[in-house]
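One-based numbering, in listed order, for ligands and for the atoms of each. Side chains are part of it too, since the values below use all heavy atoms of this structure and drop only hydrogens, waters and symmetry mates. Along the sequence shown, the residues carry numbers beginning at 1.
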Amino acid sequence: MGTSVRSAFVRLVRGVDDGGNDGTDGLPLVVGAAVVRDGRVLSAQRSGPAAAAGRWELPGGKVEPGETPEAALERELTEELRLNITRVGWLDGASPITTGDGRRLQLRVAVVRAREGDPQLTEHTATGWLPPESLGVVDWLEADRPFLPQLARVVAILGPMRGIFFSEEAARSVAARLRTGGYDAEVLRERLSGEDDDEDHPWAVVSDAPELVLDTLVDEFDGWLDVEEEPVAPVIPLRLPKAPKRPGGQPG
Ligand SMILES: Nc1nc2c([nH]c(=O)n2[C@H]2C[C@H](O)[C@@H](COP(=O)(O)OP(=O)(O)OP(=O)(O)O)O2)c(=O)[nH]1
């Protein structure tokens with residue numbers, strides 16, 4: 001990608017970050033992971049402090065000084081639940097948090113995949129996998145609630161494939177075209193602010209459209225298809241009989 005395109009992208013992302021009117025500007029960041037597996041979202045029940053104990057959250061925690069939000073997510077998910085994650089994209093928006101001792105923070109949420117293995121409890125008292133239509137059944141921390149409608153839509157359509165674009169405009173145009181064609185489509189932001197790295201993907205369109213449809217739009221809007229690798233099931237050797245089976249073993 002050329003420098004001018006990249007810096008335009010960086011400005012674009014920063015502009016979106018700065019332009020928010022949700023009162024979260026500049027507040028220290030807490031990142032939460034919506035781990036999605038088999039169409040369900042992992043929720044985790046807090047063990048403390050007293051005011052939050054028993055309530056549900058997206059596993060994660062505070063971003064440490066000098067740490068990227070992505071690294072913080074990976075660290076927290078390993079520490080708290082022993083899960084190795086890959087990131088799918090950041091949901092839009094940030095939500096203000098006021099802690100029990102009066103500190104103000106902001107919550108951002110990423111949709112992630114966990115490689116393999118079940119979550120192991122180290123800090124939480126329980127975990128549960130919620131289908132998108134039942135996200136509201138648990139008692140979420142306040143800051144998580146604004147994300148639930150968006151999260152439900154993304155989970156409902158999250159397939160193994162998505163289109164990636166370097167401009168928000170392209171991603172939103174593709175999503176609009178898909179919706180016009182009768183498909184569901186959501187735009188996810190791939191990172192919080194412009195880090196200059198060719199490997200980083202700025203905007204993703206998640207849709208239930210068939211590959212051919214998404215592929216055509218990806219070509220037209222100068223993006224590419226990102227195919228999520230599905231875990232490969234282990235091959236269990238079949239135990240085949242060595243001879244034809246006949247009742248009583250008699251020749252037929
Ligand atoms: N992890 C997480 N914290 C959330 C969510 N929603 C929400 O309001 N919070 C609040 C609870 C806490 O006040 C704060 C995050 O604190 P934490 O205790 O999880 O963070 P941490 O692991 O970095 O903790 P610490 O040991 O540094 O205190 O954000 C959420 O979905 N996930």
- Message: I'd like to know if the side chain of R55 reaches the main chain of R46, judged simply by a donor and an acceptor atom lying under 3.5 Å from each other, with no hydrogens or angles considered.
- Response: no
To check your reading of the model: name the closest protein heavy atom to [atom], its residue, and the distance in Å.
atom                    : result
atom 24 (O) of ligand 1 : K62 NZ, 3.4 Å
atom 5 (C) of ligand 1  : D144 OD1, 3.5 Å
atom 32 (N) of ligand 1 : L58 O, 2.6 Å
atom 7 (C) of ligand 1  : L141 CD1, 3.4 Å

- Would you tell me which option among R46, E76, E57 has the nearest heavy-atom contact to atom 17 (P) of ligand 1? R46
- Message: Applying a heavy-atom cut-off of 4.0 Å, say which part of V30 lies close to ligand 1: side chain, backbone, both or neither.
- Response: side chain
- G32 touching ligand 1 at heavy-atom level, < 4.0 angstrom: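 G32: no contact with ligand 1 (<4.0 Å).
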- Item | Test item: protein heavy atom less than 4.0 Å from atom 26 (O) of ligand 1 | no
Is [Y] close to [X] at the side-chain level, that is, under 4.5 Å between some pair of heavy atoms?
X    : Y    : value
R104 : L27  : yes
V206 : V187 : no
W56  : D144 : no

- Hey, do the aromatic rings of F221 and W203 have their centres closer than 6.0 Å? no
- Task: Give a yes or no on whether D222 atom CG has more than 12 heavy-atom contacts from other residues, nucleotides or ligands under 6.0 Å away.
- Result: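 No - once you tally the heavy atoms of other residues, nucleotides and ligands closer than 6.0 Å, there are 12 at most.
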- Query: Less than 3.5 Å between some nitrogen or oxygen of I97 and one of ligand 1, yes or no?
  - Reply: no
Atoms in ligand 1 with a heavy atom of [X] nearer than 4.0 Å:
X    : answer
G60  : 1 (N), 19 (O)
A143 : 8 (O)
T99  : 13 (O)

- Atom pair OG/CH2 of S43 and W140 - distance to nearest 0.5 Å: 4.5 Å
- Spatial distance of atom CD (E57) from atom CG (D139) [nearest 0.5 Å]: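 Reported to 0.5 Å precision, the distance equals 12.0 Å.
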